[in-house]
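Each remark here refers to the structure printed beneath this line.
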Amino acid sequence: MRAEFTRIRTLPATWIALAVTLAANTLLGLLAATDTVRVATSDGQVAVSQLGTVMLAPVYAFLAVPVFAAGRELRISLLATPDRTRFLLAKLLTSAGTTIVAAPVLLLPGLLVRHAVDDLFTEVTAYLLLGLVGCGFAVLTRTAVTPLAVLLALPVLVSPMLAGLLPGLVRLLPHEATLSFLGTSTDPALSRTAGFWVLLAWAVVFVGAAWVATVRRDS
């Protein structure tokens with residue numbers, strides 16, 4: 001865990017991602033609180049606070065922290081750590097611990113300005129579960145690029161294209177499940193409880209797949 005924390009702390013990408021996430025959350029909080037900016041949609045002018053995908057966008061900058069830490073130098077780490085389960089557990093615990101400590105700091109300014117501090121626990125939980133999805137994905141692919149590209153493409157490209165054709169499938173995607181959990185999703189949406197369980201299931205699947213791959217890989 002000490003080695004993994006050193007990796008996270010010394011990566012320039014970590015500090016860049018944290019700064020971008022903090023700035024984006026604060027800016028979106030100000031825009032949502034003042035309602036000075038409205039976005040043109042098919043339903044007319046909509047306040048920024050009503051656009052769940054926009055309000056959640058900073059999480060994809062934050063995902064660079066666990067993804068870059070998990071997706072780099074895996075071959076050297078596997079060679080140096082014979083106990084693969086212990087290795088992956090240390091990586092996951094460090095990633096989760098970093099998220100639990102950093103996420104409230106990044107989220108609080110934006111929540112304070114829009115008087116939504118009560119949502120802090122829910123949003124930190126969403127950051128934690130999405131971070132575990134990204135971490136597991138990075139371990140599977142041994143790269144930071146693929147997880148970030150895929151996780152970002154899902155809400156930007158996949159969901160809009162499939163929303164009208166397969167709404168039942170779209171609502172189960174990680175991004176849409178997160179919006180449902182936060183209570184900011186538009187149709188199609190799950191209940192907040194169902195959104196949490198779907199997001200948790202995604203985290204379990206990716207972490208479990210990462211564990212299987214880690215134990216069997218290059219052995």
Side-chain angles (χ1 to χ4, degrees), residues 1-22 56 58-107 120-154 172-175 177-178 181 195-219:
M1 289 180 67
R2 183 166 62 249
E4 290 299 327
F5 177 70
T6 300
R7 185 201 302 274
I8 291 176
R9 180 173 53 83
T10 55
L11 279 173
T14 295
W15 299 102
I16 295 171
L18 294 179
V20 171
T21 306
L22 177 61
L56 185 60
V59 75
Y60 292 98
F62 179 79
L63 284 181
V65 176
V67 167
F68 270 89
R72 293 165 56 94
E73 301 176 15
L74 276 177
R75 289 175 177 83
I76 298 173
S77 299
L78 291 175
L79 189 65
T81 315
D83 190 336
R84 302 293 184 81
T85 299
R86 185 180 182 184
F87 161 71
L88 184 62
L89 183 60
K91 188 175 287 291
L92 291 172
L93 288 175
T94 306
S95 176
T98 302
T99 301
I100 291 171
V101 171
V105 178
L106 305 177
L107 288 164
L120 180 62
F121 178 78
T122 304
E123 298 221 11
V124 170
T125 302
Y127 270 55
L128 174 61
L129 294 177
L130 281 173
L132 290 175
V133 170
C135 184
F137 202 166
V139 171
L140 280 172
T141 58
R142 284 179 166 176
T143 177
V145 176
T146 302
L148 290 176
V150 172
L151 291 174
L152 185 60
L154 287 177
L172 298 178
L173 296 176
H175 178 84
T178 304
F181 172 50
F196 167 77
W197 287 113
V198 171
L199 183 57
L200 178 62
W202 278 110
V204 170
V205 166
F206 274 97
V207 168
W211 177 77
V212 172
T214 302
V215 171
R216 296 179 176 273
R217 179 176 283 162
D218 299 339
S219 59

Next on the checklist: When you measure from the side chain of W202 to the backbone of W197, do you find a donor-acceptor pair of N or O atoms at a distance under 3.5 Å?
Outcome noted: no
Checklist outcome for this item: Shortest non-hydrogen pair, P174 vs L154, comes out as CD-CD1, 4.0 Å
Next on the checklist: If I take atom CG from residue L92 and atom CD from residue E4, how far apart are they, to the nearest 0.5 angstrom?
Outcome noted: 9.5 Å
Next on the checklist: Let's go through T125 and F121 carefully: what are the C-alpha distance in whole Å and the side-chain angles of both, what is the deciding distance for side chain to side chain contact (heavy atoms under 4.5 Å, CB included) to 0.1 Å, and is it a yes or a no?
Outcome noted: CA-CA 6 Å; T125 302; F121 178 78; 3.8 Å; yes
Checklist entry - More than 12 non-hydrogen atoms from neighbouring residues, nucleotides or ligands closer than 6.0 Å to CZ on R9, yes or no? => result yes
Next on the checklist: On a heavy-atom basis, which atom in V145 and which in T143 lie closest, and how many Å separate them?
Outcome noted: N-OG1, 3.2 Å
Item to check | From CG (L89) to CE (M1), nearest 0.5 Å | outcome: 8.0 Å
Checklist entry - Is there a donor-acceptor pair closer than 3.5 Å between any side-chain N or O of T99 and the backbone N or O of S95? => result yes
Checklist entry - With W211, which residues qualify under side chain to side chain donor-acceptor pair (under 3.5 Å), at least two apart? => result T85
Checklist entry - Looking at CZ of R84 and CG of L88, how far apart are the two atoms once the value is rounded to the nearest 0.5 Å? => result 10.5 Å
Checklist outcome for this item: Closest heavy-atom pair, F181 versus A126, reported as atoms and distance to 0.1 Å, is CE2-N, 4.0 Å
Next on the checklist: Show me the pairs that pass salt bridge (Lys or Arg N to Asp or Glu O under 4.0 Å) and involve residues 123-138, at least two apart or across chains.
Outcome noted: R114-E123
Under 3.5 Å donor-acceptor pairs involving side-chain atoms of residues 128-140, not counting sequence neighbours:
none

Checklist entry - Is T21 reaching over with its side chain to a backbone N or O of F62, donor-acceptor style, under 3.5 angstrom? => result yes
Checklist entry - Where do A64 and L148 come nearest, in terms of heavy atoms and distance? => result N-CD2, 4.0 Å
Checklist outcome for this item: CD1 (I8) and OG1 (T98) are apart, to the nearest 0.5 Å, by 3.5 Å
Next on the checklist: Run the side chain to side chain contact (heavy atoms under 4.5 Å, CB included) test on T14 and F68 for me, step by step, so that the C-alpha distance in whole Å, both residues' side-chain angles and the decisive distance to 0.1 Å come before the verdict.
Outcome noted: CA-CA 8 Å; T14 295; F68 270 89; 6.0 Å; no
